[in-house]
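To keep things clear, I will list the structure first and then write my remarks on it.
Keep in mind that what you see is a predicted model, and the values were worked out from it rather than measured. FYI, side chains are in, hydrogens and waters are out, and symmetry mates aren't considered; it's all heavy atoms of this structure. The residues of the chain are indexed from 1 along the displayed sequence.
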Amino acid sequence: YIISKTMSKDSRMRAAINQKLTEVGERERLKELLRAKLTECGWRDQMKAHCKEVIKEKGLEHITVEDLVVEITPKGRALVPDSVKKELLHRIRAFLAQHTA
């Protein structure tokens with residue numbers, strides 16, 4: 001019970017932060033920054049190559065987009081450089097410090 005109550009509190013907090021980021025347009029700016037940083041560090045190229053490998057291995061006619069997403073997501077998350085994660089986290093924290101009382 002305590003765990004589910006805590007999770008729902010975390011979920012509510014996450015939703016409130018997301019709503020605030022969206023309301024003022026910061027979420028879109030963060031997404032653009034993330035896209036640029038991932039392209040800049042070669043992440044997109046690595047993921048494109050990984051997709052091609054998975055499709056070649058499974059066969060184009062035997063894999064759906066959903067299957068591909070499930071297959072590549074863990075590697076995609078693992079390949080995001082720590083510096084990119086830290087920069088996004090720093091920007092979110094700065095935003096919250098500026099927009100909360």
| Is Ile92 reachable from Val24 through a run of I, L, V, M, F, W or Y residues, each pair having side-chain heavy atoms under 4.5 Å apart? | yes
| request: Enter the distance from Glu53:CD to Lys56:NZ here, rounded to the nearest 0.5 Å. | output: 9.0 Å
| said: Using 0.5 Å steps for rounding, measure from the CD atom of Glu87 to the CG atom of Leu34. | reply: 10.0 Å
| field | Heavy-atom check, side chain of Glu40 versus side chain of Lys37, under 4.5 Å | value | yes
| task | Treat each ILVMFWY residue as a node, draw an edge where side-chain heavy atoms are under 4.5 Å apart, and state whether Leu60 and Leu68 are in one component. | result | yes
| query | Are the side chains of Phe95 and Ile17 in touch, meaning some heavy atoms are under 4.5 Å apart? | reply | no
| request: Write down the atom of Thr39, the atom of Arg44, and the distance for their closest heavy-atom approach. | output: OG1-CD, 2.9 Å
| If you take all heavy atoms of Asp67 and Ile63, which pair is closest and at what distance? | CB-CG1, 3.5 Å
| said: What's the separation between atom CG in Leu30 and atom CD in Glu28, rounded to the nearest 0.5 Å? | reply: 9.5 Å
| message | Is there a side-chain contact between Arg29 and Leu33 in this structure, where contact means two heavy atoms from C-beta onward sitting under 4.5 Å apart? | response | no
| remark: Distance col, row Gln98:CD vs Arg93:CZ, nearest 0.5 angstrom, shows 16.0 Å
| said: Return the CD to NE2 distance between Glu57 and His50, rounded to the nearest 0.5 Å. | reply: 8.5 Å
| Value rounded to 0.5 Å, distance of CE in Met13 from NZ in Lys9 | 6.0 Å
| Do Leu89 and Val80 belong together in a cluster built from hydrophobic side chains that touch within less than 4.5 Å? | no
| task | Specify the closest pair of heavy atoms between Arg77 and Lys85, including all atoms of both residues, with the distance to one decimal. | result | O-NZ, 3.8 Å
| said: For Arg91 and Glu26: C-alpha separation, side-chain torsions, deciding distance, then whether salt bridge (Lys or Arg N to Asp or Glu O under 4.0 Å) applies. | reply: CA-CA 10 Å; Arg91 287 184 183 242; Glu26 186 64 14; 5.6 Å; no
| said: If you define the side chain from C-beta out and look only at heavy atoms, does anything of Leu38 sit under 4.5 Å from Met47? | reply: no
| Glu66 side chain reached by Val70 side chain, heavy atoms, under 4.5 Å | no
